Amino acid sequence: MQLIQNLKQATANAIQAIYQVQIKSEQVLVNATKPEIEGDYTIVLFAFVKQLGKSPDELGNALGEAVKNSMPGTITDFNIVKGFLNFTISDQFWLDYIQSADTNQLITPTSNPRKIMVEYSSPNTNKPLHLGHLRNNFLGWSIAEILKLQGNEVVKTCIVNDRGIHICKSMIAWQLFANGATPETTGQKGDHFVGDYYVKYNDAYKAEVEQLIASGLSKEEAEKEAPIQKAAQAMLLKWEQGDAETIDLWKRMNTWVYAGFDVTYKKIGSDFFKTYYESNTYLLGKDLVDQGLAKKVFYQKEDSSVWIDLTSDGLDEKIVRRKDGTSVYITQDIGLAELKQKEFNTDASIYVVGDEQNYHFKVLKLICQKLQLPAADGIYHLSYGMVELPTGKMKSREGTVVDADDLVDGMVQIAKEKTESLGKVDDFSPAQLEKLFDTIGLGALKFFLLRVDPKKKMIFNPEESIDFHGFTGPFIQYTHARIKSILRKTGTAVHSIGTNLLPLEKALAMQLANFSAEVNEAAEALDPSKLAIYAFNLAKLFNSFYAELSIANAESEDKKNLRIQLGILTAATLKQAMHALGIEVPEQM
RNA sequence: GGUUCGGUAGCUCAGCUGGAUAGAGCGUCAUCCUUCUAAGAUGAGGGCCAUUGGUUCGAAUCCAAUCCGAAUCACCA
């Protein structure tokens, strides 16, 4: 659907022809005309009034006439109101569009497809996924789907933070308190099982610190001297030395966690083409430090630690190698960026990571650029805001973390209760029902987390749970199911669709025609919320249409055909838009 | 203190590449199921778009300052 683009181009051409002034088509602003004014699309004349030195009316008349004549059969009329040039599009244009639209090709693919990596999820192996991870996973998945929809090749990756002191804490606690218990013996999901020992570690640590303070140590000393903390540090050292027993335990506990993650990922629909483990990548980037030194990008201090000075870029000095020769977080990320580039040769790499790491990624990109790594310019940090509770941030210590599994199960349960109370799916089999509850519950949750601009922090109120009415996933799923229900009765064979359009029919066609452009916008901005909003508006519009006009009992055969076709297109568009959000739409609900 | 991001209806959010009377949803009130799925539709009510100044035909949108909130500025990851 190129209509808007064509209008811009025609306007630019007209200005060129009449006034010999070169205007880029992108400079022409085309809006949907206000409902109470006659017309379908509006061009704002003010932008050119001054530049061309003509009055809005004079300019409007000249442009209106020229554009109208350049698009015969498409534009039937124009008018000028207070500096706005309004064009009326012919019914025939929309009828042609409705008739020829192909549900298998709702999107015009991008002319320059790229290979793009999307890295998301990044779990820690010491605790289960929580609400924040869900936002990350849904965003990553959706971004990947949107880019694919546009015609790009997407490589989904995940970096697992499977090493470090926090893992050792869980391990120590397990050794101390578990008595050999395992997820199998307790029947607990592996990630929750390990997460519990992380909590137990913190409890024990806190108790030890308090005890030490009571025995006369200062708070600082106590925190340093707590035996369990020392044990964890010792264990990390052993791990790094490759101590067989430690590595064994580490592997064993990680296996439990991964088994748990797999269940969750499967449930919420996350997958990765390639998973990187920090235990394999944490030594990367060391050779790049030497290269950087040779290139004089980095410099060495007296204690032989290596730094980069970013003060001229408005940032600080940053260490890239410790004096003991070990690398730091940023170093391994540089190394990993290069590794990924070598393995996949992508045009761009999108990191879905929380906004608390904005500074880190700014530095990462800058350093990669200074090192002239091929990956550098393609690095893009998709920074998303935290999910907060009405009471403030989630804090594991205060037990206010919203667990991902619990939340998903809760949503599915609500979907079940709601669906059963409505009693519209009595003919479903138990397996179908289960699938439906999952679809609706997850749909509600995903939509809720994706409908907000990713970069903004959002508030989630677990008390109120998530609504199934209004601007929600189930509302759109319901609209889809409703259309499908009608189509099952009317059939989908369409012949003649008549020669005129009612306002609601036209509005629906216009909205449908926008889909491709909306996908492009969402892809460009890496913002699924744009698609969520689009899908909601389309569903809402269809529901108004549905309430006003009958499809099965339309006033004529032509009208029936036309509305069936509009129903087919709306259902297909909703399905595809939701699919790009990672949300399935049921045939019946 | 520096940097970055945010402040729009009671609540949660759109709108921000300047354009016509600032929009949704939830909540509140009212109306609509013997006819295609009421998880729906229609209507009412609700706003000094944080504040002040500037830019201009026109500012929620751009600029500056101020106030409030958040993140970050680790030899943690």
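In the text below, chain A, chain B and the rest are named by the order of the sequence lines, each starting its count at 1. Fair warning: this is a prediction, and the values are worked out from it, not measured in the lab.
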Enquirer: Which nucleotide in the list rA38(B), rG69(B), rA20(B) gets nearest to the side chain of Tyr546(A)?
Expert: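 Nearest to the side-chain atoms of Tyr546(A), counting from C-beta on, is rA38(B).
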Enquirer: Which nucleotide wins on minimum distance to the side chain of Ile459(A), given the candidates rC57(B), rG40(B), rC13(B)?
Expert: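 That would be rC13(B).
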Enquirer: Measuring only the C1' atom in each nucleotide, how far is rC57(B) from rU3(B)? A whole number of Å is fine.
Expert: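 To the nearest whole Å, 38 Å.
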Enquirer: For rA20(B), give its Watson-Crick or G-U wobble partner with both distances under 3.5 Å, or none.
Expert: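 Base-paired to nothing in any strand shown.
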Enquirer: Go through rA77(B), rC57(B), rG25(B) for me and flag the one nearest to the Arg163(A) side chain.
Expert: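 My answer, after comparing the listed nucleotides, is rA77(B).
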Enquirer: What about Thr42(A): does its side chain form a donor-acceptor pair under 3.5 Å with the base of rA20(B)?
Expert: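 Such a pair exists between side chain and base.
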Enquirer: Whether Lys530(A) contacts rG15(B) is assessed here as follows: a side-chain N or O lying under 4.0 Å from the phosphate OP1 or OP2. Is that the case?
Expert: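 Yes, Lys530(A) has a side-chain N/O under 4.0 Å of OP1/OP2 on rG15(B).
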Enquirer: I want to verify a distance call: between rC16(B), rA41(B), rA70(B), whose nearest atom is closest to the Lys456(A) side chain?
Expert: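 For Lys456(A), the side-chain atoms sit closest to rC16(B).
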Enquirer: Taking the minimum atom-to-atom distance to the side chain of Val452(A), which one of rA20(B), rC13(B), rC75(B) wins?
Expert: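 That would be rC13(B).
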Enquirer: Name the nucleic acid region contacted by Ile43(A), choosing base, sugar-phosphate or nothing; use a 4.0 angstrom heavy-atom cut-off, strictly under.
Expert: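 Nothing, no heavy atom under 4.0 Å.
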Enquirer: When the C1' atoms of rA9(B) and rG45(B) are considered, how many whole Å apart are they?
Expert: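 It works out to 11 Å between them.
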Enquirer: Does atom CD of Glu524(A) have more than 12 heavy-atom neighbours, drawn from other residues, nucleotides or ligands, at distances under 6.0 Å?
Expert: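 At most 12 heavy atoms, drawn from other residues, nucleotides or ligands, come within 6.0 Å of this atom.
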Enquirer: To the side chain of Arg322(A), which of rC75(B), rG25(B), rA20(B) is closest?
Expert: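 Within the option list, the nearest is rC75(B).
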